[in-house]
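Below: one structure, written as structure tokens.
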4 protein chains.
Amino acid sequence: MSSSPPPPPATSRPHTGRRRNPAVRDAVLRSAAELLAGPDGMAVSIDAIARMAGVSKHTIYRWWPSKGAVLLEAVVEHAQQEVAIPDTGALVTDLATFLADTFRAVERAGALLRRLIAEALRDTASAQEMREFIVARRGGLRSLLVRGQERGELPAEQELELTMDQIYGLMWYRLLIADSPLTADDAARLARSVAGRPHS
Amino acid sequence: MSSSPPPPPATSRPHTGRRRNPAVRDAVLRSAAELLAGPDGMAVSIDAIARMAGVSKHTIYRWWPSKGAVLLEAVVEHAQQEVAIPDTGALVTDLATFLADTFRAVERAGALLRRLIAEALRDTASAQEMREFIVARRGGLRSLLVRGQERGELPAEQELELTMDQIYGLMWYRLLIADSPLTADDAARLARSVAGRPHS
Amino acid sequence: MSSSPPPPPATSRPHTGRRRNPAVRDAVLRSAAELLAGPDGMAVSIDAIARMAGVSKHTIYRWWPSKGAVLLEAVVEHAQQEVAIPDTGALVTDLATFLADTFRAVERAGALLRRLIAEALRDTASAQEMREFIVARRGGLRSLLVRGQERGELPAEQELELTMDQIYGLMWYRLLIADSPLTADDAARLARSVAGRPHS
Amino acid sequence: MSSSPPPPPATSRPHTGRRRNPAVRDAVLRSAAELLAGPDGMAVSIDAIARMAGVSKHTIYRWWPSKGAVLLEAVVEHAQQEVAIPDTGALVTDLATFLADTFRAVERAGALLRRLIAEALRDTASAQEMREFIVARRGGLRSLLVRGQERGELPAEQELELTMDQIYGLMWYRLLIADSPLTADDAARLARSVAGRPHS
DNA sequence: CTTTAACCGAGACGGTACGTCGTGTCTTAAA
DNA sequence: TTTAAGACACGACGTACCGTCTCGGTTAAAG
């Protein structure tokens, strides 16, 4: 999940010439993130990123294949801080905590994520990469649910993928469609719901 | 849910001048729908709509405030055919049927809906209207669930709004993020899941 | 030089229906003149004329074939006040007076005339009518010069048309190209020049 | 008299970045000239120039501030071939030759010049530049007249600027207003007229 | 210590879309 | 039949963004 270099030369000559300047990558991603987090109407253009980063457009396109790729990597960088996977022994509690943390993180990055999806919807190539990133991030929740199943807190027959689709579906729905907040209360109720004790 | 005219004049003068040509509206919406349904990469521009409809851009902008408004109305026009609300007496069965129908309709209109959301994500004004449309269309599912609650098939305490967010969330998640199909099987399993009998 | 009616009906039926409202003609020409006299950058559109006159565009196009025709007629109306043709017995004096008066009138109507020519340069049809109008207005100067020739103040062989081209040429040159003022002093010197006593 | 770049950066950095492609400038000016010389009714649009030159509109606007500036430069480029300043010793003869040559050149470029002035009349910014260009081109005639004065063929008191206004005034009058030809005979008679021997 | 290849900022360029404006024609309903 | 209101097609305007492409200058490993 890092800016892919231009196709490595087939010859096995190790490397000559000036090395990539890591400051460039940072400047680009930081500028992108800053613009992405801006007011909702504002569009994020490559020109603007380049200008703010003090970098040439060409350099951006050397390291990222498209605007979507830049945005994705900026979001990835920002989302680095993993949400912890709690283990108190009680699935519903753990789930509620995890979801509340996740929701909080997502709320904070709302503008970024909306714009990221906007770009993915325009550019098939970006979409694939984003899909992969998002799918990869489901691992935390999955392990939590699997543990629940192993402990018998969740029926063995329950389709975890569908459950996860419901959970993340609700999250994205609120973010992209309904534009309504994701609260800790939502997290708690959702946790009870998918754990089969909706009203305890 | 019709192309809003520019603010109706405050005076109560009945109407003077040439009337709006309904053929224009139809041609624009038909062209928009056709382009919206096109291959996934292709962008839908006002220029293209105008060209295909044999209509001037000016005319489009006279009746619709933005591209998003045109797309929304095209989708609305297309989505006219309501999904029936079945009533066999068994909530899970009814729900499964309703969702299967809904999913089928949504799958058919996939490209349209993706582009619609794409536009909403880049134009705050459009977003509000789309939100209203989408929220309005939740009525069918709500009545189905309410009936289930009244019959005691669903606990009275169950938060229907959250349940609906889960259902529609899954649907949009598959459509926008995962880009994976929505099958009749998904409908059935989802129906069982939200009705609290996930594995019967 | 009046707004040409649409081709008179061949049938000799005297006239049915509502008669032309003369107030419309006045309102249109007055508005056109007002806009024409506006600041130099501002364009004069038919829409603007119609709006200011409280008249529909259609009505304008019913009575005038093009924008140029409206502008021309507005200028004609404004230029109605004829420049007097003096007769003191001395050609140079008379000519100087006449030209000074003419220059003063033209300077006042500068913006109008510039825009009129601008329109004529875009629209061949208008151009012809304007040409005719301008040529028709040469009569005053011509009679003055002819009288000078008859009195022997001007050689009989002098080509009056060429002389007039020089005089009006200078006037339009200053107005359209050089954008420099036409003074009474210019009038006097020009009068002496064409009368063959440039430095007396 | 060349397409002005956007304000040269104040810093004295020599130049970085890709250089301006001279082929672009040529293609634009050539296309502009070709369209300018087209049939009289046809308007010359930036779109058309860009299309014909195989250049993007953006590029045109990068180098020229307005349509007028493009047209002016196209005309300048075309008018490069200077009219020779003859010196036979006799002012009237020299003047007649010079004017005949000038008239011939101007007649050939008639459509261009008309459209150039049309543009200047609707765009104050262009007007100023065109004025400067036209004024600059008066030098040839002026030197001819000055020589005549020095030789005593023209009275020392004669106002040369006024004389030139008469000459160029007649020329533009025929071109823009009267739309009548400028012949060699006109040149000869005009030469005699301004040289004070109108009927020899 | 020179070569040489890669990196990089500046920025020109073609293409495509945007939303606005102006002209001239046409339609409707009232006067 | 005239009129005001106003819809409509056509086509130009000037701006913006995308992704590609030079142009020089810089940097570091390889010779």
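All values below come from the heavy atoms of this structure, side chains included, with hydrogens, waters and symmetry mates left out. In this text, all values refer to a predicted model and were calculated from it rather than measured experimentally. Throughout, a chain's letter reflects where its sequence line sits, starting with A, and its residues are numbered from 1.
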- Task: Return the set of residues passing side chain to side chain contact (heavy atoms under 4.5 Å, CB included) with A/Thr59 (not counting sequence neighbours), or none when no residue passes.
- Result: A/Val24, A/Val55, A/Ser56, A/Trp63
- Message: Please report the distance, rounded to the nearest Å, between CG in A/Asp123 and P in F/dC17.
- Response: 18 Å
- Query: Residues in side chain to side chain contact (heavy atoms under 4.5 Å, CB included) with C/Asp26, at least two apart?
  - Reply: C/Arg30
- Rounded to the Å, how far apart are C/Met52 CE and F/dA4 P? 16 Å
- Query: Does the side chain of D/Thr59 get closer than 4.0 angstrom to OP1 or OP2 of E/dG14 through an N or O atom?
  - Reply: yes
- Query: Which sits closer to the 5' end of DNA chain E, C/Gly68 or D/Ala53, going by the nucleotide each is nearest to?
  - Reply: D/Ala53
- Mapping B/Ser66 and D/Pro22 to their closest nucleotides on DNA chain E, which lands nearer the 5' end? D/Pro22
- Message: Going by the rule side chain to side chain contact (heavy atoms under 4.5 Å, CB included), which residues pair with C/Arg114 if we only count those two or more places apart in sequence or in a different chain?
- Response: C/Asp40, C/Leu175, C/Leu176, C/Asp179, D/Leu121
- Message: Tell me the interatomic distance from B/Arg25, atom CZ, to F/dC8, atom P, rounded to whole angstroms.
- Response: 12 Å
- Considering all heavy atoms, the nearest B/Glu129-B/Ala69 contact: OE2-CB, 4.4 Å
- Only counting residues at least two apart or in another chain, list the ones meeting side chain to side chain contact (heavy atoms under 4.5 Å, CB included) with D/Ala37. D/Leu112
- Task: Can you tell me the distance, in whole Å, between the CD1 atom of B/Ile60 and the P atom of F/dC8?
- Result: 11 Å
- F/dC8 phosphate, OP1 or OP2, under 4.0 Å from B/Trp63 side-chain N/O: yes
- Message: In this structure, how many angstroms lie between the P atom of F/dG14 and the CZ atom of D/Arg62, rounded?
- Response: 16 Å
Please output the side-chain donor-acceptor pairs of residues 42-54 of chain C that fall under 3.5 Å, not counting sequence neighbours, one pair per line with the distance.
{"unit_1": "C/Ser45", "atom_1": "OG", "unit_2": "C/Ala48", "atom_2": "N", "d": "3.0"}

- Query: What is the distance, rounded to the nearest whole Å, between atom CG of C/Leu35 and atom P of E/dG22?
  - Reply: 11 Å
Atom pairs under 3.5 Å, N or O on each side, protein against nucleotides 10-13 of chain F: can you list them with distances?
{"unit_1": "F/dC13", "atom_1": "OP1", "unit_2": "D/Ile46", "atom_2": "N", "d": "3.3"}
{"unit_1": "F/dC13", "atom_1": "OP1", "unit_2": "D/Lys67", "atom_2": "NZ", "d": "3.3"}
{"unit_1": "F/dC13", "atom_1": "OP2", "unit_2": "D/Ile46", "atom_2": "N", "d": "2.8"}
{"unit_1": "F/dC13", "atom_1": "OP2", "unit_2": "D/Asp47", "atom_2": "N", "d": "3.3"}

- Task: To the nearest Å, give me how far apart CG (B/Leu71) and P (E/dA17) are.
- Result: 14 Å
- Item | Rounded distance (Å) that lies between atom P of E/dT20 and atom CH2 of B/Trp64 | 15 Å
- Between B/Val24 and D/Arg18, who's closer to the 5' end of DNA chain F by nearest nucleotide? B/Val24
- Partner of C/Ser126 under side-chain contact (heavy atoms from CB on, under 4.5 Å), chosen from C/Met130, C/Arg122, C/Gln128: C/Met130
